[in-house]
Enquirer: 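Below is a structure I'd like to ask you about.
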Amino acid sequence: FPVKYGPKGAQENDIEIGALPREGREFDGRSYVMERAITGDFALIKAYKADTRGNLIFRKTARNFNPDCARAGKICIAEVEE
């Protein structure tokens, strides 16, 4: 949560800890607040096959999120079946 509310609620003068202003944009008529992406130090993933150059092949439901998780970490550690 970007702010901590005081005992009287979220009135203008009662905010105890304020957040830094964030960039806001409008897409297709809806307003959004832009946030930085979360980057982890390590990504632990499971793949079906791999070659000596580090290319991975995913199977079944592992194709849903493992490629994105592999890109999100600074270092990717893969468990490979073959």
Side-chain angles (χ1 to χ4, degrees):
F1 236 35
V3 295
K4 181 179 178 186
Y5 298 108
K8 296 179 186 175
Q11 297 172 353
E12 187 175 323
N13 295 330
D14 291 339
I15 296 175
E16 294 179 12
I17 301 172
L20 297 174
R22 293 185 175 90
E23 177 186 0
R25 291 189 185 175
E26 189 172 315
F27 297 101
D28 296 328
R30 295 184 68 184
S31 298
Y32 294 91
V33 176
M34 307 302 284
E35 292 280 348
R36 293 189 59 85
I38 297 173
T39 303
D41 292 330
F42 297 97
L44 303 173
I45 60 169
K46 186 175 188 310
Y48 174 65
K49 287 184 182 180
D51 62 11
T52 57
R53 305 188 95 198
N55 298 313
L56 302 172
I57 298 173
F58 300 102
R59 246 176 85 180
K60 300 182 182 178
T61 58
R63 296 176 66 182
N64 292 336
F65 297 109
N66 279 340
D68 295 330
C69 291
R71 286 187 216 104
K74 294 177 184 173
I75 297 172
C76 178
I77 301 170
E79 176 187 354
V80 181
E81 292 181 26
E82 292 184 24

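Just so it is clear, the values below take in all heavy atoms, side chains as well, and ignore hydrogens, waters and symmetry mates.
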Enquirer: Just grab all the side chain to side chain donor-acceptor pair (under 3.5 Å) pairs involving residues 57-70, residues at least two apart or on different chains.
Expert: Asp68-Arg71
Enquirer: Report yes or no: do Phe58 and Phe65 belong to one cluster of Ile/Leu/Val/Met/Phe/Trp/Tyr joined by side chain heavy-atom distances under 4.5 Å?
Expert: no
Enquirer: List in chain and number order the residues that pass side-chain hydrogen bond (donor to acceptor under 3.5 Å, both in side chains) with Glu35, two or more places apart in sequence or in another chain; answer none if no residue qualifies.
Expert: Arg22
Enquirer: List for me each residue that meets salt bridge (Lys or Arg N to Asp or Glu O under 4.0 Å) alongside Arg25, sequence neighbours excluded, and say none if there are none.
Expert: Glu23
Enquirer: Who are the salt bridge (Lys or Arg N to Asp or Glu O under 4.0 Å) partners of Asp28, not counting sequence neighbours?
Expert: none
Enquirer: Only distances under 3.5 Å count here; give the side-chain donor-acceptor pairs of residues 42-57 to other protein atoms, sequence neighbours excluded, each with its distance to 0.1 Å.
Expert:
unit_1 : atom_1 : unit_2 : atom_2 : d
Lys46  : NZ     : Glu81  : OE2    : 2.7
Tyr48  : OH     : Glu82  : OE2    : 3.1
Asp51  : OD1    : Arg53  : N      : 3.2
Asp51  : OD1    : Gly54  : N      : 3.1
Asp51  : OD1    : Asn55  : N      : 2.9
Asp51  : OD2    : Asn55  : ND2    : 3.0

Enquirer: Could you tell me which residues satisfy salt bridge (Lys or Arg N to Asp or Glu O under 4.0 Å) with Glu79, sequence neighbours excluded, listed by chain and number?
Expert: none
